[in-house]
Amino acid sequence: MPELPEVETIRRGIEPIIRGRRINAVHILQPDLRWKVDTKAVQKWVTGQIITAVSRRSKCLVWKLSNDASLVIHLGMSGRIGLFSPDEEVEKHTHLIFDLQGNIQLRYRDPRRFGYVDVVPPGSLSNYKRFSLLGPEPLSDEFNGSYLQQKLSKSKRAVKTALLDMGVAAGVGNIYASEALFLAGIDPRRLASDLRQNEFDGLAEAVKQVLSHAIKKGGTTLNDFRNATGEPGFFQTELAVYDRKEQPCLKCGTAIEKVVIGGRSTYFCPVCQG
DNA sequence: AAACGCGCCTGCGGGC
DNA sequence: TGCCCGCAGGCGCGTT
């Protein structure tokens, strides 16, 4: 479900509410997520701390705590975060509940359990193993055409597959990879190494444009994405190709095609991206 | 060394 | 109506 714009939307929603609050207790109802939640580390480093900042790296939320530890939350495909009053019914697949100062509960729910919650001890976020292999943030200056050219000019993968590589562009997922390639006018099946410099430039710009526009719209809700207060996003009404198989291209009217690249559904306009 | 594809899970929608 | 199949927004890992 959540790619970079959806996670950023959640971050912006929860940050002003949870920052400055103490974590009074953490209830772990189901520790078996993608990786087992380290219950001892949660009790040692998280319980009792104050949340001092909420940031994002790739598709992860990162809570900075008052002891300089961090809590990393990944939502996988089906994860959600919600703010609740303690007396509200606990929904099925709720795996963690954070009791926050002020009688607020932040609940982590993930039916497919592809997400994870990880504790990073004080001072060690810069060596955190799950972040060490990530490429640059696509909305940073470091992510540009020269960077893509340097990273991909020898890569014999479909450019769509390369865009989905977290070591290339941290946080770009399947929806926005298709959308960015449409915006850049590049066929997703082309080998990354076949792109010219001006195409790498255009692709980097298209990625930035699609992601920032999606953030402005509060993310994409195809089925079940909701922000922390339960509201859907609105970018789905602006998707040019994703999930639009056989529908007319918004630019030229040609039917959008769906192919599978690297095992992932991929949508494109055979004319505009020809 | 890069690149592919498998598997982790549950839920849902479409076809029969 | 209900069952079964295929598919889903992610991503690490083993194998080639």
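Chain A is the first sequence line, chain B the second, and so forth, proteins listed ahead of strands; every chain is numbered from 1.
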Supply the atom-to-atom distance A/Ser124 OG to A/Asp68 CG, rounded to the nearest 0.5 angstrom. 8.5 Å
Going from OG1 on A/Thr9 to NZ on A/Lys217, what distance comes out if it is rounded to the nearest 0.5 angstrom? 12.0 Å
Examine A/Lys151 relative to A/Phe143 and say whether NZ or CZ is less than 6.0 Å from the centre of the six-membered ring and inside a 45° cone about the ring axis. no
Spell out protein contact along nucleotides 7-12 of chain B as letters: B when the base is contacted, S when just the sugar-phosphate is, - when no protein heavy atom is under 4.0 Å; keep the 5' to 3' order. BBBBS-
Start with the C-alpha gap between A/Lys59 and A/Glu3, add the side-chain angles, then the distance that decides, and say whether salt bridge (Lys or Arg N to Asp or Glu O under 4.0 Å) holds. CA-CA 6 Å; A/Lys59 298 168 189 168; A/Glu3 304 184 29; 5.5 Å; no
Just how far, in rounded Å, is C1' of C/dG12 from CG of A/Leu134? 12 Å
Nucleotide C/dG9, atom C1' - distance to NZ of A/Lys258 in whole Å: 13 Å
Using heavy atoms to find the nearest nucleotide of DNA chain B for A/Asn223 and A/Ser155 separately, return the residue whose nucleotide is more 5′. A/Ser155
Taking the six-membered ring of A/Phe182 as reference, does the cationic atom of A/Arg244 (NZ for Lys, CZ for Arg) lie under 6.0 Å from its centre and within 45° of its axis? no
Taken to the nearest whole Å, NZ/A/Lys160 to C1'/C/dC11 is 14 Å
With a 4.0 Å cut-off on heavy atoms, is A/Lys129 in touch with a base, just the backbone sugar-phosphate, or nothing at all? nothing
Of all heavy-atom pairs between A/Arg11 and A/Val54, which one has the smallest distance, and what is that distance? NH1-O, 3.0 Å
Where the side chain of A/Glu137 meets the backbone of A/Ser58, is there a donor-acceptor pair that is under 3.5 Å apart? yes
Roughly how many Å is it from CG in A/Asp165 to P in B/dA2, rounded to a whole number? 11 Å
With a non-hydrogen cut-off below 4.0 angstrom, is A/Tyr176 in contact with a base, only sugar-phosphate, or nothing? nothing
Atom-to-atom span, CD1 of A/Ile73 to P of C/dC11 - whole angstrom: 15 Å
Between atom CZ in A/Arg57 and atom P in C/dC11, what is the gap in whole Å? 12 Å
Separation of the P atoms in C/dG12 and B/dG11, to the nearest angstrom: 24 Å
Let me check I have this right: for DNA chain C, each base becomes ., (, ), [, ] or |, based on Watson-Crick or G-U pairs with both distances under 3.5 Å. What is the full string? .|||||||.|||||||
Just call it for A/Asp110: base, sugar-phosphate, or nothing, with non-hydrogen atoms closer than 4.0 Å on any strand. nothing
From the set C/dA8, B/dA3, C/dG9, return the single nucleotide nearest to any side-chain atom of A/Ser265. C/dA8
Determine whether A/Glu91 and A/Arg80 satisfy the following criterion, salt bridge (Lys or Arg N to Asp or Glu O under 4.0 Å), listing intermediate values before the conclusion. CA-CA 11 Å; A/Glu91 295 170 287; A/Arg80 272 199 215 177; 5.3 Å; no
What is the distance from CG of A/Asn174 to C1' of C/dC7, rounded to the nearest Å? 12 Å
In whole angstroms, how far is the C1' atom of C/dG9 from the CG atom of A/Asp224? 8 Å
Using the P atom as the point on both nucleotides, what is the distance between C/dC7 and B/dG5, in whole Å? 15 Å
From A/Leu106 CG over to A/Ile17 CD1, what is the distance, rounded to the nearest 0.5 angstrom? 9.5 Å
Checking the side chain of A/Gln30 only, and the main-chain atoms of A/His93 only, is there a donor and an acceptor separated by less than 3.5 Å? no
Looking only at atom P, what distance separates B/dC9 and C/dG14, rounded to whole Å? 16 Å
Report, one pair per line, the protein and nucleotides 4-6 of chain B atoms (nitrogen or oxygen only) whose separation is under 3.5 Å.
none

Could you check whether any side-chain N or O of A/Ser212 sits under 3.5 Å from a backbone N or O of A/Lys208, counting only pairs where one atom can act as donor and the other as acceptor? yes
Should A/Leu96 and A/Val90 be regarded as members of a common hydrophobic cluster, given that ILVMFWY residues are connected when their side-chain heavy atoms come within less than 4.5 Å of each other, either directly or indirectly? no
